[in-house]
2 protein chains.
Amino acid sequence: MAGIKDVAKTAGVSVSTVSYVLSGKRPISSKTTDKVLKAIEELGYIPDASAQKMRGQLNHIIAISEPMHEGMNQMQYSAYFMQSAWQARSAGYDVLLLTGPDAVADIERVTHSNLVDGVLLLDVEERDARVAAAARYRKPCVAIGLPKSHKDCACIDIDFAKMGRRSADRLFALGHRQVALLRAQEIDYERHAGYVLLFREEFLARADEIGLDVFESGPVDNATFDARRFVSDMLSRNPRPTALVSQSGVSILNLTVTALMAAGLKIPEDISVLSCGTFLRDEPMRRPVSEEPFEPERLCAIAMGSLISSIEKRQSIAGEVTLIDPKFIDRGSLASAPRNVGSGDGGFSVSASFGGRQADLAQADSAQADVETSASESIASASQSRNLEGEPMD
Amino acid sequence: MAGIKDVAKTAGVSVSTVSYVLSGKRPISSKTTDKVLKAIEELGYIPDASAQKMRGQLNHIIAISEPMHEGMNQMQYSAYFMQSAWQARSAGYDVLLLTGPDAVADIERVTHSNLVDGVLLLDVEERDARVAAAARYRKPCVAIGLPKSHKDCACIDIDFAKMGRRSADRLFALGHRQVALLRAQEIDYERHAGYVLLFREEFLARADEIGLDVFESGPVDNATFDARRFVSDMLSRNPRPTALVSQSGVSILNLTVTALMAAGLKIPEDISVLSCGTFLRDEPMRRPVSEEPFEPERLCAIAMGSLISSIEKRQSIAGEVTLIDPKFIDRGSLASAPRNVGSGDGGFSVSASFGGRQADLAQADSAQADVETSASESIASASQSRNLEGEPMD
DNA sequence: TTGTAAGCGTTATCAT
DNA sequence: ATGATAACGCTTACAA
């Protein structure tokens with residue numbers, strides 16, 4: 001392994017000259033510079049990272065903490081993760097990924113041993129042990145997420161509270177008075193993922209304030225969720241909800257949208273759909289859904305930016321909180337509330353259609369496939385009967 | 001920051017004693033050990049990683065190279081990635097992730113600068129620049145994948161060639177003589193992802209040898225794939241394929257399975273479906289599909305194991321190739337070929353059903369949603385007509 | 001403009 | 001069983 005001494009010898013100069021050529025911290029004659037550069041090239045010299053760091057230089061490594069846990073949305077987190085890695089690399093930093101179960105210990109280890117220059121916390125929960133322990137890390141630390149207590153850690157997040165209130169307002173403004181709320185996976189509430197709780201709380205509170213009637217779904221679990229049932233429950237209310245706000249993931253949202261359409265409802269004419277705290281951009285959807293999204297790029301860029309600036313300026317950012325204004329992406333699934341949605345009027349009496357079919361189901365295969373298919377069949381009859389009533393076939 | 005000197009001072013011993021207490025490379029009296037340990041505890045001392053490495057110690061960091069590229073299957077690669085990270089951590093190694101576009105430069109940088117002890121290459125293509133440059137890395141390097149030339153790099157992969165041949169044999173043995181091959185995304189062939197090419201080649205070659213007639217899909221692109229059309233094309237052949245082998249990703253496979261069922265075909269009675277080179281385990285499927293899967297855990301465990309052993313034994317593994325026997329996961333989507341599948345006989349004339357509906361479609365909304373719905377509608381009629389023919393409703 | 005040498009925090013060799 | 005110290009490869013203050 002060629003070291004700085006070898007370069008110096010080859011170039012016929014002293015080691016300090018080589019060092020200064022590399023760092024540019026001292027003027028060097030162009031003749032000498034050339035010799036040195038040539039020697040470096042020739043020997044394929046790359047400075048030893050450890051020796052540099054021993055001299056107090058930065059390591060240019062950032063730890064990203066993202067402990068794996070049950071039921072994590074890989075897509076979603078890898079989006080954050082990839083974005084952060086990209087941002088870090090663009091700024092000349094490598095990324096050390098910490099996924100182990102004992103995150104705090106890992107972070108202490110890599111910060112105390114001077115392995116990394118800073119720490120980024122992903123997937124932060126409402127009460128996050130990593131954030132709570134931030135004071136003990138000897139390096140700057142930024143969290144994406146806003147836990148309850150965060151006095152020793154910089155936090156950056158979308159303003160989910162505002163998102164909740166704004167969503168309620170948005171639907172109200174469109175004339176909706178009855179809305180359904182499709183919950184996120186129960187597991188997300190249980191682990192107290194800050195954003196799901198915050199959004200839901202504020203949404204419900206605001207809805208209550210302005211007189212928006214909310215029908216909230218039961219607990220949701222990706223494995224067992226029954227979209228037809230949820231839709232059927234929702235539509236059997238009187239008056240029925242004219243809008244659906246969803247906190248759930250893509251697959252469940254897709255199933256629900258499918259079930260809504262299967263129930264003969266057109267989006268957005270008959271029912272508005274709004275997905276909040278999701279990241280649908282690259283997801284294949286049954287039908288595009290308007291969204292108040294996560295914004296991995298924006299969040300990660302801001303977080304990484306302030307982390308790196310804190311590192312390089314050597315100035316603490318502990319306790320700083322940055323809340324980002326939520327964005328709204330219009331994908332055409334929101335419209336003014338339809339009139340006359342009570343049962344027995346010009347609207348569809350979908351529950352009847354479902355009910356009729358449900359009797360049949362008892363005899364049918366219990367395979368999910370068939371259940372879904374039969375949902376489609378009942379649409380067929382729904383549109384047929386609509387047609388008989390002289391309504392346009394659309 | 002407390003260093004080893006501080007510990008020595010506090011404990012009232014010399015620095016070497018502290019070092020030996022930590023490394024255990026020299027017998028120390030228990031009395032002294034206690035004093036030292038207490039001091040370490042008291043000061044929260046953690047050795048400086050760089051100083052350790054300057055003394056020739058291992059860094060316990062492994063670089064994982066996984067350049068981001070267009071159209072990469074995030075789910076799939078994050079599976080490999082997460083597995084590797086997990087394996088590394090279990091062995092006491094941290095993971096440095098290299099995702100930058102200039103992978104070779106990054107790897108050279110981190111190996112030459114002694115930042116990492118070894119390198120794992122993920123997402124290796126048929127002609128992989130990273131593998132080709134392996135001789136220049138000054139650290140052990142293992143690739144998951146089997147590129148054309150690999151003399152300076154250890155390679156570990158599933159035996160996709162064998163998988164291809166075996167899949168052909170498997171279907172043949174079940175009596176299938178006509179099979180459809182649903183290609184992977186075109187972009188995967190274009191970037192010469194080793195496994196897609198290898199599998200397809202060997203599958204086709206073996207099919208040819210044993211007399212298996214293969215109807216291969218056109219180019220596939222996630223964004224524009226039309227499952228109904230593919231199924232319709234496939235079923236319009238005479239005799240129609242009785243089995244489908246798929247190299248495509250989950251979403252496309254799901255769409256295709258849905259379309260098959262929508263066309264009135266039961267899996268596996270009417271058509272067998274086999275997915276190869278995929279990783280469906282945790283994916284929500286329309287219907288379970290038997291699979292010759294990727295095996296991230298197994299591959300990563302083996303790869304990481306040999307990498308770490310090469311690191312710790314300081315013995316080269318360049319050029320070693322390990323091919324893993326492919327596994328078959330039975331999810332009940334494979335059965336013996338049905339008899340009488342020619343058009344006009346006891347089978348379904350599905351293309352007619354599609355054809356009839358297609359005329360209607362011209363007037364319908366062009367939204368994808370409606371297209372899919374109508375596919376479902378045509379099932380309804382298909383099963384109805386079957387019923388009229390006195391067949392069991394299932 | 002360039003060279004010399006101290007020192008970063010460890011580990012390992014040589015003493016005791 | 002323990003201590004003193006050289007060495008690792010680099011950066012930088014000081015010297016020339």
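Proteins get letters first, then strands, A, B, ... in listed order; numbering begins at 1 in each. All values reported here derive from a predicted model rather than from experimental measurement.
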When you check the phosphate oxygens OP1 and OP2 of [N], does a side-chain N or O of [X] lie under 4.0 Å from one of them?
X     : N      : value
A:Q57 : D:dC10 : no
B:K25 : C:dA12 : yes
B:S19 : C:dT11 : yes

To the nearest Å, give me how far apart [atom1] ([X]) and [atom2] ([N]) are.
X      : N      : atom1 : atom2 : answer
A:L115 : C:dG9  : CG    : P     : 16 Å
A:D48  : C:dC8  : CG    : P     : 18 Å
A:L22  : D:dT12 : CG    : C1'   : 14 Å
A:M1   : D:dA7  : CE    : P     : 20 Å
B:K5   : D:dG3  : NZ    : P     : 16 Å
A:I4   : C:dG7  : CD1   : C1'   : 15 Å
A:M54  : C:dG9  : CE    : C1'   : 5 Å
B:L58  : C:dT10 : CG    : P     : 17 Å

If you only use heavy atoms from C-beta on, which nucleotide in [options] is closest to the side chain of [X]?
X     : options               : result
A:S29 : D:dG3, C:dG9, C:dT1   : C:dT1
B:R55 : C:dT4, C:dT2, C:dA12  : C:dA12
B:T17 : D:dT2, C:dG9, C:dT13  : D:dT2
A:A51 : D:dA4, D:dC10, C:dG3  : D:dC10
B:Y20 : D:dC10, C:dA12, D:dA4 : C:dA12
B:Q52 : C:dT2, D:dT12, C:dT11 : C:dT11

Between B:D106 and B:R109, is there a side-chain N and carboxylate O pair less than 4.0 Å apart?
->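 Yes.
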Closest-nucleotide ordering on DNA chain C, the 5'-leading residue of B:Y45 and B:R26 |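 Here B:Y45 is the residue nearer the 5' end.
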side-chain contact (heavy atoms from CB on, under 4.5 Å), paired with A:L121, selected from A:I156, A:V142, A:I107 =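 The option that passes is A:I107.
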For a side chain to side chain donor-acceptor pair (under 3.5 Å) with B:K139, tell me which candidate from B:T111, B:N114, B:N59 qualifies.
->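 Option passing the side chain to side chain donor-acceptor pair (under 3.5 Å) with B:K139: B:N114.
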In terms of ring plane angle, is the pair A:F294 and A:Y195 parallel, tilted or perpendicular, where the classes change at 30° and 60°?
->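 A:F294 vs A:Y195 ring planes: perpendicular.
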Side-chain donor/acceptor of B:R130 to backbone N/O of B:L122, under 3.5 Å =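 Yes, because the side chain of B:R130 sits within donor-acceptor range (under 3.5 Å) of the backbone of B:L122.
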So, does B:D157 use its side chain to make a donor-acceptor pair with the main chain of B:I144 at under 3.5 Å?
->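 No; judged by distance alone, with no hydrogens or angles, the pair does not exist.
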Base, sugar-phosphate, or nothing for B:V15, non-hydrogen atoms under 4.0 angstrom?
->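 The residue B:V15 makes base contact.
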Could you tell me whether A:S50 contacts a base, only the sugar-phosphate backbone, or nothing, with contacts defined as non-hydrogen atoms closer than 4.0 Å?
->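 Answer is nothing: A:S50 stays at 4.0 Å or more from every strand.
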Any donor-acceptor N/O pair under 3.5 Å between C:dT13 base and B:S16 side chain =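 No such pair is found, so the answer is no.
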